[in-house]
Amino acid sequence: MALETLTRACVRSVTPYFPGKPIAEVQRELGLKKVIKLASNENPLGPSPRALAALKRDALETHLYPEGASPLLRQALAKALGMSDSHVIVGNGSDEIIRLLCEAFLSPEDDVIASQYGFIRFKQQATLMGARVIEVPMADWRHDLETMGRTVSPRTKMVFVASPNNPTGTYNSEEEIEGLLKALPATTLLVLDEAYYQYAGDQDDYHRSVPDLVRRFPNLVVLRTFSKAYGLAGLRVGYGVGDAELIGWLDRIRMPFNVGLLSQRAAIEALKDQAWMKKGIRLNAKNREYLASQLRGLGFGVTDSAANFLFVKCAFPGRVLFKRLLKTGVIIRSLDEYGLTHHVRISVGTEAEIRMLLAGLKTSLNGTLTP
Ligand SMILES: Cc1ncc(COP(=O)(O)O)c(C=O)c1O
């Protein structure tokens, strides 16, 4: 019997997510010793020493289940935001919160509005629930929030915006976000994914106050993560901030022990070490500028980025660049799954990683870089 026929139709229509290629896999496949990964926007500085100390300290407790609702982490996050913990839910990465939102709110009769090149997980998750996804074209690689707002109909249950957005690295201003919120009926949720918000902090018009927005707009949920600026991607911790009733619905359907014991403890310590996090942000800002100028100098088109990666246009298929660089031990991300065949995404990395990337580009693409 074909198992396929037993699956729900929407399961068959989901295109799987392709994560960045892992270092160990490339080492095995190509027999390379030194491999660097600039494909998943991780923090090249690694976790805060305080988080690492917590992992070592608490490793002996791993035979115990964690506290299910991550109460101490929730409290720490709520305190940092100046809100009550009923406004916060912690997830197995912010990816889990995206899933919970879709499971809690979407049915086959609902529409979801997303941006054409918005983070792909929104569409995948909404499709899995059978909802119809309406994609609005971008303007200059940015979410066109005005058009997204105008596209809303009585069927629209959710609008997804990532700011800064992956893979384009662009962001929307506070004014634009507020404009969209004002245009939405109370029955349409805005999911504002801020996985990279710390990296956008130097943009004057990037919004500052999540608590204020959440208080004014009960249909807003903001998503954040410990995977990027806090360097804890491997521990899988993210969170959502929103109206207490909305958070309550998500909490009701999350898995009983969704975030591991060590993950909760390390995230609490990482949050305390703001100095470490800010060091990573400064390093990223410096290296991002350097990498962008070097890539532009080589003839690539580089979109201004407010995140820890660059969205890069090539004169030939991104897949070709990905494969050639792989042979030099550098993993980047091609963007075919977005239909962006002539773009790649490159995480910023350390200076040494940038040097290796540039050397790889020069040797493997000799003479073919003309846009
Ligand atoms: C825009 C955006 N949102 C959410 C995520 C998911 O992050 P995590 O599940 O690690 O918190 C990512 C990861 O790359 C992302 O780029």
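Whatever order the structure lists ligands and atoms in, that order sets their numbers, starting from 1. Keep in mind that the numbers below use all heavy atoms, side chains included, and drop hydrogens, waters and symmetry copies.
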| When you check the gap from the basic side-chain N to the acidic O, do K272 and E269 get nearer than 4.0 Å? |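 Here K272 pairs with E269 in a salt bridge, since their nearest N and O are under 4.0 Å apart.
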| task | May I ask you to decide whether D95 forms a salt bridge with R99, counting only side-chain N to carboxylate O separations under 4.0 Å? | result | no
Any luck finding a side-chain donor-acceptor pair between [X] and [Y] under 3.5 Å?
{"X": "R345", "Y": "N166", "result": "yes"}
{"X": "T156", "Y": "D111", "result": "no"}
{"X": "Y171", "Y": "D205", "result": "yes"}

| Considering all heavy atoms, the nearest L250-A104 contact | CD2-CB, 3.9 Å
| remark: For N92 and V259, the nearest pair of non-hydrogen atoms, with its separation, is N-CG2, 3.8 Å
Counting from 1, what ligand 1 atoms have a heavy atom of [X] closer than 4.0 Å?
{"X": "K228", "value": "13 (C), 14 (O)"}
{"X": "T225", "value": "8 (P), 10 (O), 11 (O)"}
{"X": "A195", "value": "2 (C), 3 (N)"}
{"X": "N166", "value": "1 (C), 14 (O), 15 (C), 16 (O)"}
{"X": "Y196", "value": "1 (C), 14 (O), 15 (C), 16 (O)"}
{"X": "D95", "value": "9 (O)"}
{"X": "G93", "value": "8 (P), 9 (O), 11 (O)"}
{"X": "R236", "value": "8 (P), 9 (O), 10 (O)"}

With heavy atoms under 4.0 Å as the rule, classify the contact between [X] and ligand 1 as side chain, backbone, both or neither.
{"X": "F226", "answer": "neither"}
{"X": "R121", "answer": "neither"}
{"X": "S94", "answer": "both"}

If we only count N/O pairs under 3.5 Å, is [X] in contact with ligand 1?
{"X": "S40", "result": "no"}
{"X": "S227", "result": "yes"}
{"X": "Y17", "result": "no"}

| message | Test ring-ring contact (aromatic ring centres under 6.0 Å, His included) on Y196 and F309; report intermediate values, then the result. | response | CA-CA 10 Å; Y196 302 95; F309 57 86; 5.1 Å; yes
| request: Please confirm whether G238 comes under 4.0 Å of ligand 1, counting heavy atoms of the residue only. | output: no
| query | When you look at R236 and S227, which way does the side chain to side chain contact (heavy atoms under 4.5 Å, CB included) test go after all the steps? | reply | CA-CA 7 Å; R236 313 302 304 122; S227 299; 3.4 Å; yes
| task | Starting from atom 15 (C) of ligand 1, locate the nearest protein heavy atom and write down its residue, its atom name and how far away it is, to 0.1 Å. | result |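 Answer, as residue, atom name and distance: F119 CZ, 3.5 Å.
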| task | Under the side chain to side chain contact (heavy atoms under 4.5 Å, CB included) rule, what do K228 and N41 come out as? Steps first, then yes or no, please. | result | CA-CA 7 Å; K228 311 296 176 186; N41 310 333; 4.0 Å; yes
| said: What I'd like to find out is whether the side chain of R333 reaches to under 4.5 Å of the side chain of P167, using heavy atoms alone. | reply: no
| task | Identify which of D193, N41, V161 has a heavy atom lying nearest to atom 2 (C) of ligand 1. | result |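 Closest candidate by heavy-atom distance is D193.
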